[in-house]
Amino acid sequence: MILITINGKKIELDGPVTIFEAARRNGIDIPSLCHHPALELWGGCRMCLVEIEKMPRLQTSCTVKAADGMAVYTETPRVVAARKAMLEFLLINHPLQCPTCDKAGECALQDLTVRYGAVAGRFEEGKRTFPENVDDPVIVRNMERCIMCTRCVRMCDGVQGAFAIGVVGRGAGSHVEPFSGGRYNCEYCGNCLNVCPVGAIMSRLHRYTYRPWQMDKTVKTICSFCGVGCTILLEVRGDAIQKVSPAFGKGVNNGLLCGRGMFGYGYAGSPERLKTPLVRKDGKLVPASWDEALALAARRLLEVKAQHGGRAIAGIAGGRCTNEENYAFQKFMRAGLGSNNIDSTARLGLLHAQDLLEGIFGQGAAANVIRGIPHSDAVLVVACDPTRTNPVMGLQVRAASKAGKKVVAIGHAPGLKRHMTHHLSAAFGHEGIALAGLLRELLRQKKALPGENPEFEAAIMGFSELPSPEEVRRLAGVPEAALTQAAEALKDVSTSSIIAGRELAASMDAKRNFMLLAAIGYVLNSRFFLVSEHPNEQGLIDMGCTPDMLPGGRPLALQTFRERCEHEWGARLDPEPGLTLMEMFEQAGGAIRAMYIMGENPAFNLPGRKKIKEALEKKLDFLVVQDIFLTETASLADVVLPSKAWSEKEGTYTNLEKRIQKLAQATGKNHEAGMEDWRILALIGRLAGLGNMPYASASDIIDEIARVSPLHAGLRYEDLEEDGMMWPYKGKPLRMSGGMQPLPAAKAAATLDRREEDTGQTGPALVIEKPLFHSGSLSRHSGALLDIMGGPEAKMAPGTAAGLGICEGGSVKISTAEGEMVLKAKLEKGLPAGAIFAGNNFGDAGALGLFGYELEPGSKTPVPRAEGLEITPL
Amino acid sequence: MTEPQPFSPKSVALLEEIRKKYPTGRAALMPALYVAQEEFGWLRPEALKAVAEFLGLPEMTVRSTATFYSMYRHRKAGRNVIRLCTNVSCMVLGAGTLKGVLGNVYGLAPGGTSPDGRFSLEVADCIGACGKGPAMIVNDDLHTGLDAKKILEVLENYK
Amino acid sequence: MTSYLLDVARNRNIEEYEKAGGYQGLGKALFMEPGQVVEEVKKSGLRGRGGAGFPTGMKWMFMASDPKSPRYIVCNADEGEPGTFKDKALIDKNPHVLLEGMAIAGHALMAGLGYIYLRAEYPEERGILEAALKEARAKGYLGENVMGSGKKFDIHVHMGAGAYICGEETALIDSLEGKRGQPRLKPPFPVNSGLWGMPTMVNNVETLSNLPFIMREGALRYAGIGDPSCPGNKLFPVSGHVERPGVYELPMGTPLREIIYEHAGGIKNGKALKAVIPGGISAPVLAPDQIDCPMDFVSVQKAGSMLGSGAVMVFDEDTCIVRVALRTLEFFEHESCGKCTPCREGTGWLKAILERIETKQGHGGDIQLLEDVCRNIAGNTFCPLGDGAASAALGFIRHFREEFTEHIRSGCRYHREQGQAQP
Ligand SMILES: Cc1cc2nc3c(=O)[nH]c(=O)nc-3n(C[C@H](O)[C@H](O)[C@H](O)COP(=O)(O)O)c2cc1C
Ligand code: SF4
Ligand code: SF4
Ligand code: SF4
Ligand code: FES
Ligand code: FES
């Protein structure tokens, strides 16, 4: 216990904290400029000086730790004089542009000047000048306003780990720049902007349009881009989002954001938004009234049902829709239309991954707290780059690295280049082999297994023929030393985090991969994290948007659960599971006659695009699509129903930690054009006399979910706390609660297939790149993200390019059995040899279109394949 | 499939030697910058990039460090770099006059390069020769006890 | 008086150095336990020669009690304080005494590696050190097995790149790590968390060069030299208007007058003394009536200045003090690292005010303003550089206020008289 006094007030502290922090906790405000709780200590601005008894000099409270018996004074005349002096120093070179500065109103320097009194203009010479720099699409720099607090640099280096900006020069001439001096070419997380206390670096998106006092409201909500579920603040004026602000101290992200979350909000206000329903007339989509469109949808669905039965209709739910909407969707399909043909893009990997993991460790195996990652002794990243798909989770991996923890990456993870201690550079699709090799080395190097679960350990020890390092090198291209050293680094950790990508599950070897992952997780006492690309991908699973599971992840096959739903929904349920995602398209025109797609774009987001488009366009009798844009899929529909964007509605998202978080309506109050997806479903249901959806709000639906889903029993919308709720786990891991079950036939599955697997030596491989700035359909409508990265490209290592006769900027034709596409080549050092990266983010050049697929037999997960790949320079 | 190496073999050998003296690549940065400066003439962006790549450091880290120190050149320099001390001890012995002489004779202003590209002039802050001031360093050579006549004689040896 | 630092030019060569007793101190140290060597240094009363005069033995004890490893010895050869050229002279004349000192420190503090952070402006000394290192390695004084003791100790030379602040020990460490050389927060101190977070001893060239004598001749003999509160010899580099500028090795506490008038031969051309800076440019100037002050840490501080690097800068009656002050502040503005507000902004402001005074554009209130700005800097900076700038400026005003007033009123008298060029 540390006892100090601040301004005579007695303060007890239970641990060593700075005086600044001690004061803050006790409501005593000490001014600061360079200090920020998310950043490393600095002590440069000297604004936080305080007087401490027995110390002759004033001390910076942000750096000095409170020590027992200290008597601190924060506003003595001497302190006030020093602060005034510091302000005077800062202002001698600060331009007086406050009336035109976008920061005015929330500028720390301005506020402090007001608080301590204006300083007389005793400085006569000319101020330092720097021209405003607008060379970057989203960041404006006004370096003459910079007060050299270095917060931005400490953010970019120490937290974001991007090392994109730095102080240039020395002394009074110092200023902050990116390497080029102009364009940032960085990760565009915007976190630097969010910690700048003055108006020296700001977002261009709201240049001259944002004045804090002119905002109508600030709305706290959840970001709509990925499965991390960051808390953000929307600054709203009129009916438009003017700016996204961070909420430091709140949410899973503690104020940190990524480029999509920070700059990508523009899609909600895009002029390309659907403004009215559309119906197909004479082969063309034309605007229609809501009444007409809804009536048409209801009538046609009823007709198909009458003619072919409910099982002839298939539905695809959306990972960007809320829990309430997805719940309503599967209820509409099951109870209304009588079809279990319900699926989503969770089928592309997350669902299978979760099934396999939960099959071993029990439900909630991957419900772990993202912010706990840096607190484990080691992080193992497998077949994913969390810094790209789930950037703010990626920051936690970087934080682990910064804290000196072991970070081992298996597979391609460029965003962790400077943050991993060990890299097992397995060729694409061969990460499982590296896992097997790693397990073998761990078992060899470790003295004893934990002894917690003898049955499971017996299964682990029973794996036959795990590959030796030499074999791993041969089969997966991982150097032997890297493997043994990684095992060496990991073998003695007491806790660890494992982050796994969906490619591990979208594989013919998925079972083997997850059994190996589970074994390693058991040996290393791990918590699991599954990357998740959509904000509510987890919700899709939890809400029962799968052909064989009811809400709460309860099997449809079990009568008790069926009955529970039947009772609530007032309809009989088909006990037979429905078709999975890819099967729906495969059987279009046959067993499937109509489709209902809510907030998803399968004509773009799935492999086998050619066939899917054909199915949607030619083989179905009827297609309804709900969306906010006229997507590739919507443009093939018979009826298109405009829905609301995430900022326009209430509801909840479940993030990859299984944390349920509330959205808040910020805009769209007067947005007549779109309706909540659940409302559209309820209206059609009512018109068609199908289902029973008497909802007035999202909270009504939550209440019903709580009654139906055992997983959500007792949940109340009103009760969702500040930072959401990990329901029902409340942050406690479940993994050790049930007995761990080795996967059936795991032994056989974990045995490696010894056929000489293709390690990429034989020719180039096409890889879907997941860029940081785009995630698919929405980001294409965000002006800022397009400015940062405007178009598709084929990225490859210079060596790979040379081998193929390709040069920087040249056109490359990529063709496969599925089709062909011409992209501009971009050479980037350090990419794995032989790999050609192309994204699936831009309309006419989505590289998934080059992939066919094969179904993993058990889970029906599509495993993408680029057969007959040919790369030719043009 | 190896990338072209921006450094000459001689520089690479030097850099590898330097790298061995430190436990981290970052610590080898300052000496590596000297090597790059020698090779590229000044620390142009390609030079900084080459150093970053060789040591495995972020480019901005390299630039930020490089711009802190006054011995690294961030502009093209003349063939010979003069560092004339004008700090107090040299100043009171007449270093200010010498600055004027260089201006008149070679058209040199502090921080500038003579029109013929022969000399660049940097004003230095004490070069440890105060006992024999005024003093200057030309390239790596120290010259002391300068006056208006001697400084020109000395500089005549640098072409 | 024994001279053991500079002594004679012949010491440059290792054989000569050995003949004069070189490396015997190291030999003796290696026979002792590391802790005993630390104890011996403590007993000697040696105080750091880098400027602050901190007792070296005590600093060593702090590091000795930290068990982390690897550990490092860093020789501060950044000698950036204008007017100072003693470390340069020492390396020029006697490089082995430094290497031996570092090896002794390495043994005492259980470090296997040392770096000499040499200022960029000393390329010649780099050559001298590299040659001496080669000799010492060849003779087994450095390397894998120092003098057959089984201990490893080697030294690398690291060139600075022109930044005065890198003389400050934590900035030096950051610079050695390849960073911008800005001072670090203390605590933790380098003795606990220095280079790469490991225990690190930063000592000045001259401090380290005292060690061979202490080990060879014993702490007691050393403690008997010069002033008992700060014993040993001190190097005094003398520059400016004196007949015989140069570096003088004299017992600590030698009066300033003796240094100027006896050793350095008095004021050049028989002129009168106007002012003297006793410890490098950061030390406040002293007036002619203060030169009886003994040159040791305590006495110079009592006289209102500081011993600093011991660099004596002498100005004759024809020197314009305003101009000296301006050049001083130009230096500090240029060398401020930019980390903290008062130094980054304040030094430039002081310079701007002095510039207008010097160019006859000053006005009433400017002296007051100078003092105000100085007071706002002093005591509020992150490291002593900013403080030094303020106290140096205040020193000039304290002793030469009239000259400033006169400048404001009627411009520079010396300027008019001698037609001197603008600074
Ligand atoms: C601005 C500044 C510059 C300094 N420059 C030097 C220097 O050039 N050489 C030096 O030895 N010490 C210098 N010091 C002192 C060092 O910080 C440190 O105290 C010294 O190297 C310790 O060595 P010592 O204990 O042997 O004196 C400087 C300190 C400051 C604040
Ligand atoms: S936007 Fe992010 S990555 Fe870019 S400079 Fe700022 S902090 Fe660094
Ligand atoms: S740009 Fe802003 S955050 Fe960065 S140093 Fe300047 S004032 Fe601080
Ligand atoms: S006083 Fe401040 S700005 Fe000046 S050198 Fe020290 S830390 Fe840097
Ligand atoms: S807030 Fe403490 S020094 Fe800047
Ligand atoms: S002042 Fe010129 S060399 Fe020292």
Side-chain angles (χ1 to χ4, degrees), chain A residues 18 33-34 40-49 51 55-60 62-65 67 78-79 81-94 109 119-120 122-128 146-150 153 157 166-176 404, chain C residues 161-166 171 179-188 197 330-356 361-363 365-366 368-370 372-387 389:
Chain A
T18 60
L33 286 170
C34 69
E40 268 179 17
L41 299 184
W42 182 247
C45 77
R46 322 304 282 176
M47 265 320 290
C48 66
L49 291 169
E51 204 167 332
M55 293 197 184
R57 286 170 75 108
L58 299 179
Q59 301 289 319
T60 45
C62 70
T63 63
V64 175
K65 291 255 159 55
R78 193 173 152 215
V79 168
R83 291 199 190 131
K84 273 192 176 168
M86 295 310 117
L87 283 171
E88 181 178 27
F89 283 136
L90 288 173
L91 290 171
I92 61 174
N93 272 311
H94 195 86
L109 186 59
V119 194
R122 297 200 290 177
F123 182 75
E124 299 173 11
E125 279 69 19
K127 290 178 191 277
R128 174 169 71 230
C146 172
I147 57 163
M148 256 305 120
C149 66
T150 73
V153 177
D157 285 7
V167 177
V168 170
R170 182 173 74 200
S174 339
H175 57 285
V176 178
Chain C
Y164 166 64
I165 187 60
C166 290
K179 299 175 180 160
R180 298 165 59 80
Q182 290 184 315
R184 290 181 181 177
L185 274 174
K186 291 189 267 196
E330 277 175 0
F331 168 76
F332 282 113
E333 192 226 12
H334 185 244
E335 297 301 336
S336 166
C337 81
K339 177 165 187 167
C340 71
T341 305
C343 173
R344 181 184 66 242
E345 306 292 344
T347 49
W349 194 359
L350 292 178
K351 183 189 99 170
I353 303 167
L354 286 167
E355 207 159 18
R356 69 180 184 237
Q361 289 163 308
H363 42 70
D366 272 358
Q368 172 73 40
L369 182 58
L370 276 175
D372 248 27
V373 174
C374 285
R375 275 192 285 266
N376 284 342
I377 298 173
N380 293 332
T381 57
F382 188 92
C383 86
L385 186 148
D387 287 335

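Convention: sequence-line order gives letters A, B, ...; per-chain numbering from 1. Scope of the values below: all heavy atoms of this structure, side chains included, with no hydrogens, waters or symmetry mates.
- Taking 4.5 Å as the limit, some side-chain heavy atom of A/Glu88 sits within range of a side-chain heavy atom of C/Trp349.
- Using a distance-only test at 3.5 Å, with no hydrogens or angles considered, a donor-acceptor pair links the side chain of A/Arg170 to the main chain of C/His334.
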Would A/Met148 and C/Lys339 count as a side-chain contact (heavy atoms from CB on, under 4.5 Å) if you check the C-alpha gap in whole Å, the side-chain angles of each, and the deciding distance to 0.1 Å?
CA-CA 7 Å; A/Met148 256 305 120; C/Lys339 177 165 187 167; over 6 Å; no
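- Counting heavy-atom pairs closer than 4.5 Å to chain A, the top residue among C/Ala352, C/Cys340, C/Pro342 is C/Pro342.
- Ion pair C/Lys351/A/Glu125 not flagged as a salt bridge, since none of the NZ, NE, NH1 or NH2 atoms sits closer than 4.0 Å to an Asp/Glu carboxylate oxygen.
- Here the shortest heavy-atom pairing between C/Arg180 and A/Val167 reads NH1-O, 3.0 Å.
- Neither the backbone nor the side chain of C/Thr347 comes within less than 4.5 Å of any heavy atom of chain A.
- For the pair C/Glu345 and A/Ile147, the minimum side-chain heavy-atom distance is 4.5 Å or more.
- Contact check for A/Arg57 versus C/Asp387: side-chain heavy atoms found under the 4.5 Å cut-off.
- Minimum heavy-atom separation, C/Glu333 to A/Ala172: OE2-CB, 4.5 Å.
- In this structure the side chain of A/Leu90 reaches within 4.5 angstrom of the side chain of C/Arg344, judged on heavy atoms.
- The structure places CG of C/Asp372 at 4.5 Å from CZ of A/Arg122, a figure rounded to the nearest 0.5 Å.
- Chain C forms the most heavy-atom pairs under 4.5 Å with one residue out of A/Gly169, A/Gly173, A/Gly166, and that residue is A/Gly169.
- When all heavy atoms are compared, the tightest approach of A/Ser174 to C/Cys337 is OG-O, 4.5 Å.
- Using a 4.5 Å cut-off between heavy atoms, C/Arg184 makes no contact with chain A at all.
- Closest heavy-atom contact between A/Cys45 and C/Thr341: O-OG1, 2.9 Å.
- Both the backbone and the side chain of C/Glu335 have a heavy atom closer than 4.5 Å to some heavy atom of chain A.
- Taking A/Ala85, A/Ala82, A/Cys149 one by one and counting their heavy-atom pairs under 4.5 Å with chain C, the maximum is reached by A/Ala85.
- When heavy atoms are compared at a cutoff of 4.5 Å, A/Leu41 approaches chain C by way of both its backbone and its side chain.
- For a residue to count as touching a neighbouring chain, one of its non-hydrogen atoms must lie under 4.5 Å from one of that chain's; by this rule C/Ile377 touches chain A with backbone and side chain alike.
- Residues C/His363 and A/Glu124 form a side-chain contact, since some pair of their non-hydrogen atoms from C-beta on lies under 4.5 Å apart.
- Counting non-hydrogen atoms of neighbouring residues, nucleotides and ligands closer than 6.0 angstrom, the NZ atom of A/Lys65 reaches no more than 12 such neighbours.
- The part of A/Ile92 that comes within reach of chain C is its side chain, from C-beta onward, which places non-hydrogen atoms under 4.5 angstrom from that chain.
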